[in-house]
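Inspection log for the structure reproduced underneath, given as structure tokens.
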There are 2 protein chains.
Amino acid sequence: MSVPKPTEGELEILQVIWEHGPSTVRFVNDQLSTQKKVGYTTTLKLMQIMADKGLLRRDTTGKTHIYDSAVSQQKTQQQLIDKLAVTAFGGSAMKLVMQALGNKKSTQKEIDEIRAFLDQLEGGEK
Amino acid sequence: MSVPKPTEGELEILQVIWEHGPSTVRFVNDQLSTQKKVGYTTTLKLMQIMADKGLLRRDTTGKTHIYDSAVSQQKTQQQLIDKLAVTAFGGSAMKLVMQALGNKKSTQKEIDEIRAFLDQLEGGEK
DNA sequence: AATATTCTACGAAGAATTTCGTAAAAAGTT
DNA sequence: AACTTTTTACGAAATTCTTCGTAGAATATT
């Protein structure tokens with residue numbers, strides 16, 4: 001297999017890196033620590049494992065290693081959506097979308113955004 | 001905590017029960033077996049655990065126990081979407097929806113469905 | 001009634017994930 | 001240079017999830 005689906009803990013790390021770009025373990029751990037209690041070596045270990053798996057790339061030239069994402073945010077998100085669609089929505093991404101829209105107090109602005117997005121989808125069809 | 005988030009294996013079982021209603025272990029196992037190889041006692045054990053967790057209810061009056069879902073399909077699906085939104089979309093369900101719509105070759109019919117759904121959302125606002 | 005089949009209960013092995021302690025290397029400080 | 005801090009490496013414990021073997025109870029079959 002190529003790159004495995006990230007686990008939940010791994011996703012938390014990916015999100016930090018997707019948002020802030022290449023980061024040190026220290027930085028990622030600081031970010032995670034604002035959300036939950038987590039030891040430094042725990043984060044380190046996870047990131048090392050992720051590098052082994054191919055989820056992260058690391059630059060070991062400097063004193064402190066710099067980790068960067070080796071997977072695209074969009075591809076990963078799509079992978080997770082597809083997985084959820086299969087495991088919880090009988091394979092229907094549309095049902096998933098409906099559910100996400102339905103049980104959500106969407107603002108008028110959001111609804112308009114979706115409409116615009118749909119228009120765009122129709123326009124750019126191939 | 002009340003009812004925990006179902007695991008992947010548990011979701012497969014829930015889907016069978018959501019679709020077919022109250023079921024025996026035998027039936028659920030037969031259904032799962034059409035998708036993947038799985039031992040009878042494996043399914044049994046999982047369903048027993050799910051009953052302990054509060055994901056399933058069971059009727060033990062008869063010879064063979066009958067299991068029914070103790071969690072609503074819709075609530076569970078929403079729970080999973082919310083979780084995915086948080087762990088992979090920075091908490092934004094809208095981003096999740098966009099992604100789901102975007103990287104999906106949506107048919108015209110599906111797009112129209114979503115539009116109708118949005119109209120309905122606006123109409124039934126409180 | 002004896003035999004065979006089906007089902008539940010139990011426990012435990014296996015696998016994947018998460019956590020962290022300890023030690024050594026590297027860098028910074030006094 | 002000696003000391004402190006930071007970082008990496010390693011391994012293993014703890015947790016959660018999954019799988020299944022075995023035994024015994026319940027039911028059905030011959």
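Residue numbers start from 1 in every chain, and the chains themselves are labelled A, B, ... in the order their sequence lines are given, proteins ahead of strands.
- Residues A/Asp112 and A/Arg115 are in side-chain contact: their nearest non-hydrogen atoms beyond the backbone lie under 4.5 Å apart.
- For DNA chain D, the neighbouring residues in residues 8-18 of chain B, judged by any heavy atom under 4.0 Å, are B/Glu8, B/Gly9.
- The separation between B/Lys5 atom NZ and D/dT16 atom P is 14 Å, rounded to whole Å.
- A close approach under 4.0 Å does occur between a side-chain nitrogen or oxygen of A/Arg58 and OP1 or OP2 of D/dA9.
- Residues A/Leu101 and B/Met94 meet the side-chain proximity criterion, which asks for heavy atoms closer than 4.5 Å.
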Walk me through whether A/Lys53 and A/Glu10 qualify under salt bridge (charged side-chain N to carboxylate O under 4.0 Å, His left out). CA-CA 11 Å; A/Lys53 286 187 183 176; A/Glu10 289 170 347; 2.8 Å; yes
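- Between B/Asp82 and B/Lys75, no side-chain nitrogen of the basic residue sits less than 4.0 Å from a carboxylate oxygen of the acidic one, so the salt-bridge criterion is not met.
- The side-chain heavy atoms of B/Asp59 and B/Tyr67, taken from C-beta on, include no pair separated by under 4.5 Å.
- Applying the side-chain contact (heavy atoms from CB on, under 4.5 Å) rule to A/Gln35 yields the partners A/Leu32; only residues at least two apart in sequence or on another chain are considered.
- Between the CG atom of A/Leu14 and the CG atom of A/Leu56 there is a distance of 6.0 Å, given to the nearest 0.5 Å.
- The side-chain heavy atoms of A/Lys95 and B/Gln77, taken from C-beta on, include no pair separated by under 4.5 Å.
- When side chains are defined from C-beta on, B/Thr24 does not count as touching B/His65, because their heavy atoms never get closer than 4.5 Å.
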Could you walk me through whether B/Arg58 and B/Asp52 pass salt bridge (charged side-chain N to carboxylate O under 4.0 Å, His left out), step by step? CA-CA 10 Å; B/Arg58 72 172 163 178; B/Asp52 287 345; 5.5 Å; no
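- Of the residues in residues 33-51 of chain A, those with a non-hydrogen atom less than 4.0 angstrom from any atom of DNA chain D are A/Tyr40, A/Thr41, A/Leu44, A/Lys45, A/Gln48.
- In this structure, A/Phe27 places its CZ atom 15 Å from P of D/dT8, rounding to the nearest Å.
- For DNA chain C, the outermost nucleotides in 5' to 3' order that have an atom under 4.0 Å from a heavy atom of chain B are C/dC7 to C/dA12.
- A/Val86 and B/Val28 are members of different hydrophobic clusters when ILVMFWY side chains are connected at heavy-atom separations under 4.5 Å.
- Identified under the side chain to side chain donor-acceptor pair (under 3.5 Å) test for residues 37-51 of chain A, with sequence neighbours left out: A/Asn29-A/Thr43.
- Heavy-atom distances under 4.0 Å link DNA chain D to A/Thr64, A/His65 of residues 59-73 of chain A, given in residue order.
- B/Leu84 contributes atom CG, which lies 5.0 Å from atom CG of B/Leu96 (distance to the nearest 0.5 angstrom).
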